[in-house]
Student: 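I am attaching a structure below and will ask some questions about it afterwards.
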Amino acid sequence: MRRALCPGTFDPMTNGHLDVIARASAIFDELVVAVAVSPDKGGGPLFTVDERVDMVSRATSCYPNVSVRPFDSLLVDLAKELDAPVIVKGLRAVTDFEREFQMAQLNYRLDDAIETMFIVAVPECMYLSSSAVKEIAGYGGSVAGLVPAEVSGRLMERLGQRRQGRT
Ligand code: PNS
């Protein structure tokens with residue numbers, strides 16, 4: 001049984017994340033998507049970890065070997081606990097490389113039994129990021145085709161509430 005872990009903040013999940021999850025699920029017997037609580041990231045996430053887990057679960061429900069869970073620990077500890085010795089991450093452009101390289105090296109330093117593998121984004125997802133999607137939606141732009149259907153409604157709703165709070 002080959003089990004892998006696909007970690008991230010997923011605030012919110014984009015079609016880029018979904019593409020990486022779909023491709024990784026075709027390689028491994030089981031893929032656990034691990035949603036980081038990440039309370040400090042960029043001033044705090046827009047969605048609670050439960051909301052993010054729910055959106056990722058709905059968007060990946062068509063992949064029977066994918067499960068989704070929150071985590072608030074070292075990634076290598078979770079990998080060990082779940083007996084998932086491979087961490088799968090998506091790589092978009094060179095801009096991702098430095099951070100991803102650092103995280104992969106650190107994780108290897110923490111536990112050399114855990115390997116990190118990268119799936120290179122498809123060209124149509126190269127420019128996609130959760131923060132860009134939030135910025136577009138925050139100014140009332142359309143995110144159709146950039147995020148799963150399960151995300152777009154909730155994103156518009158959450159950012160609409162924020163816009164109303166500002167005016
Ligand atoms: O969506 P992101 O920002 O690429 O996700 C980053 C994440 C959650 C994978 C990373 O911050 C992480 O692994 N956090 C858990 C804490 C940890 O293990 N840190 C040490 C390695 S950097």
Side-chain angles (χ1 to χ4, degrees), residues 3-25 27-28 30-60 63 66-122 124-138 143 146-148 150-152 154-155 158-159:
R3 185 179 292 139
L5 205 52
C6 182
T9 309
F10 303 103
D11 186 45
M13 176 186 224
T14 67
N15 281 347
H17 292 127
L18 191 55
D19 173 61
V20 169
I21 291 168
R23 288 158 68 198
S25 78
I27 298 169
F28 294 95
E30 263 185 39
L31 185 72
V32 181
V33 180
V35 180
V37 172
S38 295
D40 301 326
K41 197 180 176 188
L46 179 63
F47 292 100
T48 66
V49 71
D50 291 341
E51 288 172 326
R52 285 177 278 135
V53 165
D54 185 55
M55 285 186 275
V56 177
S57 302
R58 287 171 193 267
T60 58
Y63 304 105
V66 173
S67 60
V68 188
R69 55 165 293 155
F71 82 106
D72 193 11
S73 66
L74 281 179
L75 190 55
V76 290
D77 289 344
L78 180 69
K80 211 176 331 183
E81 181 193 322
L82 298 178
D83 192 21
V86 180
I87 294 168
V88 180
K89 294 228 62 186
L91 208 52
R92 289 163 303 183
V94 232
T95 41
D96 278 346
F97 189 77
E98 201 172 331
R99 182 167 174 269
E100 293 297 342
F101 191 73
Q102 184 193 27
M103 284 196 279
Q105 296 273 11
L106 277 170
N107 285 329
Y108 188 78
R109 174 74 181 74
L110 290 167
D111 188 339
D112 64 9
I114 311 288
E115 292 289 354
T116 300
M117 291 185 178
F118 293 103
I119 289 187
V120 174
V122 289
E124 53 273 34
C125 292
M126 282 286 187
Y127 54 85
L128 260 183
S129 69
S130 298
S131 44
V133 157
K134 281 185 280 194
E135 187 167 316
I136 294 168
V143 292
L146 305 182
V147 294
E150 293 78 7
V151 171
S152 55
R154 291 214 219 172
L155 187 58
R158 180 64 46 90
L159 288 167

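Just so you know, these numbers come straight off a predicted model, no measurement behind them. All ligand and atom numbering here is 1-based and tracks the order in the structure. We number each residue from 1, following the sequence as shown.
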Student: What atoms of ligand 1 come closer than 4.0 angstrom to any heavy atom of N107?
Tutor: 21 (C)
Student: Which of the atoms in ligand 1, numbered in the order shown and given with their element, are less than 4.0 Å from a heavy-atom of S73?
Tutor: 15 (C), 16 (C)
Student: With heavy-atom distances below 4.0 Å as the criterion, list the atoms of ligand 1 near F71.
Tutor: 15 (C)
Student: Let's go through L46 and L155 carefully: what are the C-alpha distance in whole Å and the side-chain angles of both, what is the deciding distance for side-chain contact (heavy atoms from CB on, under 4.5 Å) to 0.1 Å, and is it a yes or a no?
Tutor: CA-CA 9 Å; L46 179 63; L155 187 58; 3.7 Å; yes
Student: Pull out every atom of ligand 1 sitting under 4.0 Å from any heavy atom of G8, numbered as shown with elements.
Tutor: 1 (O), 5 (O)
Student: P148 and M13: which non-hydrogen atoms are nearest, and at how many Å?
Tutor: CD-O, 3.6 Å
Student: Quick one: closest heavy-atom pair of I114 and A84, and the distance?
Tutor: CD1-O, 4.4 Å
Student: Closest approach of L5 and L82, non-hydrogen atoms and distance?
Tutor: CD1-CD1, 3.8 Å
Student: Which heavy atom in L75 sits nearest to a heavy atom in N107, and how many Å separate them?
Tutor: CD2-ND2, 4.0 Å
Student: Please identify which atoms of ligand 1 are closer than 4.0 Å to at least one heavy atom of M103.
Tutor: 10 (C), 22 (S)
Student: For the residue pair T9 and V35, what are the closest heavy atoms and their distance?
Tutor: O-CG1, 3.8 Å
Student: Which ligand 1 atoms does A36 reach within 4.0 Å, using its non-hydrogen atoms?
Tutor: 8 (C)
Student: Could you report the tightest heavy-atom contact between V32 and R3, atom names first, then the distance?
Tutor: CG2-CD, 4.1 Å
Student: Pick, from L5, L74, V35, the option with the minimum heavy-atom distance to atom 20 (C) of ligand 1.
Tutor: L74
Student: Hey, is K89 one of the residues with a heavy atom under 4.0 angstrom from ligand 1?
Tutor: yes
Student: Show which atoms of ligand 1 fall inside a sub-4.0 Å distance from at least one heavy-atom site of L75.
Tutor: 13 (O), 17 (C), 18 (O)
Student: Which of the numbered atoms in ligand 1 are under 4.0 angstrom from any heavy atom belonging to T9?
Tutor: 1 (O), 2 (P), 3 (O), 5 (O)
